[in-house]
Number of protein chains: 2
Amino acid sequence: MDFTTLRDDMEAADTSSLVDKVEANLVRLLQERKLKVGDAIPKETELAELLGVSRTVIREAMLRLRMMGMIESKKKKGAVITSPDLFGVMSKSMNPHILDQDTLKEIFEFRLVLEIGMADLIFYHITREDIEELKRIVSKEPQATQHHLFHIEHEIAFHGKLYEITGNETMKKFQRMLLPVFDYVHNSGLLKKPPSLKKFVSHKGLVDILENGSPELFRNAMRNHLENHFARLFASSEP
Amino acid sequence: MDFTTLRDDMEAADTSSLVDKVEANLVRLLQERKLKVGDAIPKETELAELLGVSRTVIREAMLRLRMMGMIESKKKKGAVITSPDLFGVMSKSMNPHILDQDTLKEIFEFRLVLEIGMADLIFYHITREDIEELKRIVSKEPQATQHHLFHIEHEIAFHGKLYEITGNETMKKFQRMLLPVFDYVHNSGLLKKPPSLKKFVSHKGLVDILENGSPELFRNAMRNHLENHFARLFASSEP
DNA sequence: TATCTTTATTAAGTCATACATAATAATTTA
DNA sequence: TAAATTATTATGTATGACTTAATAAAGATA
């Protein structure tokens with residue numbers, strides 16, 4: 001593998017910090033060389049020498065790549081390319097306590113948008129077994145008298161299954177990341193109006209539509225199912 | 001500010017790397033102390049002494065926080081808390097050339113889902129001026145004879161405006177991040193079947209609905225508008 | 001010979017120290 | 001008093017040494 005042109009490229013770069021340059025060059029390099037997952041990259045000391053910078057800088061740059069999920073490094077073996085994990089870092093900052101209120105609210109909205117919009121994906125991928133499982137989940141729906149936590153768990157089981165059906169791993173990961181935030185916003189005083197306890201389209205109703213309906217019907221039903229959330233959203237801020 | 005309990009907490013932690021522990025402890029600390037944006041955190045040497053680790057480790061941990069957008073550090077002034085940028089790191093790895101094909105396709109789907117699902121947000125926030133601007137954008141729609149790039153630009157202008165109307169900055173950022181990937185997938189051979197050039201609901205049609213219709217109508221219209229994309233998606237993989 | 005165990009090697013992880021750089025504060029000078 | 005100069009300070013970078021764990025090599029045992 002030829003890393004010799006790297007230094008020139010780097011010196012051509014501009015104002016930003018040294019680590020920034022090295023990082024950018026490494027990223028560029030990896031994609032230029034079309035390195036596949038599993039391929040090894042030179043060791044830190046070699047890179048340091050090649051780029052004419054200290055090992056400290058190389059390490060900081062590689063740390064960033066590691067955070068992006070672009071590489072993994074192990075002792076003795078060195079670093080190898082991996083398929084980047086889009087949500088790795090993001091999920092760390094996805095913490096209700098360190099995000100500002102506006103962002104929290106926007107994330108709340110994000111989930112609603114996703115669940116309404118994914119109707120077509122669901123209908124395209126759904127199988128007989130999926131429907132059976134959904135029915136099974138619905139049948140375990142907790143009574144109104146039961147503890148709050150049971151309801152949350154049930155919500156997660158049902159809606160999580162929907163994401164699973166889409167077959168879209170990225171979306172599923174995204175949802176898993178959103179969950180705690182959603183729950184936090186739901187229970188915090190962030191959204192003014194308490195949810196009316198009126199019942200809209202139920203989980204069972206949604207499953208019926210999945211079995212016999214169409215994406216259009218499902219979208220509207222899901223919108224209705226989420227009405228309480230929307231109501232709180234639109235009640236707590238002027239457009 | 002009292003950072004003295006930090007060391008004990010840290011020593012209670014387990015197997016992971018030293019930097020991992022320090023990172024976790026710093027994050028935990030910042031949220032426990034409810035530090036506000038702009039508040040300064042102790043300097044590297046102080047933290048190093050307090051935690052009983054080298055400055056190297058502190059620096060690596062802080063570098064991670066910086067990547068998450070949780071802190072910003074400037075020379076002499078030290079580091080201060082910032083509101084985390086959820087997409088900062090993500091957008092770096094959102095590179096068509098380093099993502100695997102499955103993920104690329106999933107991101108493609110992601111956009112479609114969002115644009116169908118965000119109907120309610122649009123209707124809630126939209127103003128007279130927004131509609132005027134949309135009409136202005138539509139009026140500049142390039143002819144079929146014009147260059148491919150004009151069409152792309154027009155697409156971005158129109159759909160970007162829709163995201164803007166939602167008032168959801170998070171979603172807007174997300175979309176900006178998705179754009180290059182979407183374009184890449186659209187033009188690459190990733191999706192088998194070339195788009196049929198049949199015309200479905202046009203941009204103008206969508207604007208009409210925004211003016212006189214309802215979220216339900218808009219969702220269905222948008223679904224139809226995106227039909228070419230869906231067709232390619234569903235043609236290139238078995239469910 | 002084949003397999004298990006021990007030892008050596010290697011590259012990342014951690015540490016300590018020194019110096020460079022740039023932003024701020026303090027001081028001098030006009 | 002205000003501008004210009006100098007000192008200070010915290011991060012940024014460099015260097016060399018040491019630690020640790022994974023791998024490879026060598027050796028022992030069957």
Side-chain angles (χ1 to χ4, degrees), chain A residues 1 3 6-7 9-11 13-26 29-30 35 38-82 88, chain B residues 1 3 6-7 9-11 13-26 29-30 35 38-82 88:
Chain A
M1 188 179 313
F3 281 80
L6 231 169
R7 180 164 191 172
D9 294 345
M10 201 188 71
E11 285 173 352
D14 4 328
T15 59
S16 46
S17 106
L18 237 184
V19 179
D20 290 332
K21 296 176 192 168
V22 172
E23 177 198 350
N25 276 288
L26 285 180
L29 190 85
L30 299 190
L35 294 190
D39 289 353
I41 67 181
K43 48 192 180 190
E44 295 177 350
T45 50
E46 286 178 17
L47 285 173
E49 199 181 358
L50 272 165
L51 307 195
V53 298
S54 73
R55 193 180 151 220
T56 308
V57 171
I58 296 291
R59 276 187 62 76
E60 289 216 2
M62 287 183 66
L63 173 60
R64 295 191 187 177
L65 299 198
R66 211 157 51 236
M67 280 193 80
M68 295 186 219
M70 288 181 57
I71 65 173
E72 272 179 12
S73 34
K74 290 193 174 173
K75 296 191 178 186
K76 162 77 180 181
K77 238 194 122 84
V80 299
I81 307 283
T82 56
Chain B
M1 188 179 311
F3 281 79
L6 232 169
R7 179 164 192 173
D9 293 346
M10 202 187 71
E11 285 172 352
D14 343 342
T15 60
S16 48
S17 108
L18 236 184
V19 178
D20 291 331
K21 297 177 194 168
V22 172
E23 178 200 349
N25 276 288
L26 284 180
L29 191 84
L30 299 191
L35 294 191
D39 289 353
I41 68 180
K43 46 193 180 190
E44 295 175 351
T45 48
E46 284 177 17
L47 285 174
E49 198 180 358
L50 272 165
L51 307 195
V53 299
S54 73
R55 193 179 150 219
T56 307
V57 172
I58 296 291
R59 277 187 62 77
E60 290 215 0
M62 288 183 65
L63 173 61
R64 295 190 187 177
L65 300 199
R66 212 156 51 234
M67 281 193 79
M68 295 184 219
M70 288 181 55
I71 64 173
E72 272 179 13
S73 34
K74 289 190 174 174
K75 295 192 177 185
K76 163 79 178 180
K77 240 193 119 80
V80 298
I81 309 283
T82 56

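We use all heavy atoms of the structure for the numbers below, so side chains are in, but hydrogens, waters and symmetry mates are not. Here is how names work: the chains are called A, B, and so on, in the same order as the sequence lines, proteins then strands, and each is numbered from 1. What you see is a predicted model, and the numbers here were worked out from it, not measured in a lab.
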Legend entry - Interatomic distance, B/Leu63 CG vs D/dG12 P [rounded to whole Å]: 9 Å
Inset, instruction - Whole angstrom is fine here: how far is it from CD in B/Glu49 over to P in C/dA16? - result: 11 Å
Inset, instruction - Looking only at side-chain atoms of A/Ser54, point me to the closest of D/dG12, C/dG13, D/dT15. - result: D/dT15
Inset, instruction - Measure the distance from NZ on B/Lys74 to C1' on C/dA23 and round it to the nearest whole Å. - result: 10 Å
Inset, instruction - Could you say whether B/Thr56 or B/Glu46 is positioned toward the 5' end of DNA chain D, judged by the nucleotide with the nearest heavy atom to each? - result: B/Glu46
Inset, instruction - Answer whether the closest heavy-atom distance between the side chains of A/Leu63 and A/Arg66 falls below 4.5 Å. - result: yes
Inset, instruction - Using whole Å, report how far CG of A/Leu18 lies from C1' of C/dA22. - result: 15 Å
Inset, instruction - Identify, between A/Lys77 and A/Val57, the residue whose nearest nucleotide on DNA chain D lies closer to the 5' end. - result: A/Val57
Inset, instruction - Over all heavy atoms of both residues, which pair between B/Ala61 and B/Val19 is shortest? Give the atoms and the distance, please. - result: N-CG1, 3.8 Å
Legend entry - Atom of A/Ala79, atom of A/Ile71 and distance for their closest heavy-atom approach: CB-CD1, 4.3 Å
Inset, instruction - Would you kindly give the CD-to-P distance between B/Glu60 and D/dT11, to the nearest whole Å? - result: 16 Å
Inset, instruction - Mark yes or no for a side-chain to base donor-acceptor pair under 3.5 Å between A/Arg55 and D/dG16, with no hydrogen or angle criteria applied. - result: no
Legend entry - Whole-Å gap separating C1' (D/dG12) and CD1 (A/Ile58): 15 Å
Inset, instruction - Look at the side chain of B/Val19 and decide which nucleotide, out of C/dG13, C/dT14, C/dA23, has an atom nearest to it. - result: C/dT14
Legend entry - Rounded interatomic separation in angstrom, taking NZ from A/Lys21 and P from D/dG12: 15 Å
Legend entry - Side-chain heavy-atom pair A/Arg64, A/Asp20 within 4.5 angstrom cut-off: yes
Legend entry - Residue-phosphate contact under 4.0 Å: A/Arg59 side-chain N/O, C/dA12 OP1/OP2: no
Inset, instruction - Check every atom of D/dG12, D/dT9, C/dA12 against the side chain of A/Glu44 and return the nucleotide holding the closest atom. - result: C/dA12
Legend entry - Heavy-atom check, side chain of A/Ile41 versus side chain of A/Met62, under 4.5 Å: yes
Legend entry - D/dA10 phosphate, OP1 or OP2, under 4.0 Å from B/Lys43 side-chain N/O: yes
Inset, instruction - Would you mind reading off the distance between B/Lys76 atom NZ and C/dA25 atom C1', rounded to a whole angstrom? - result: 6 Å
Inset, instruction - Could you work out which one of C/dC15, D/dT20, D/dG12 sits closest to the side chain of B/Lys75? - result: D/dG12
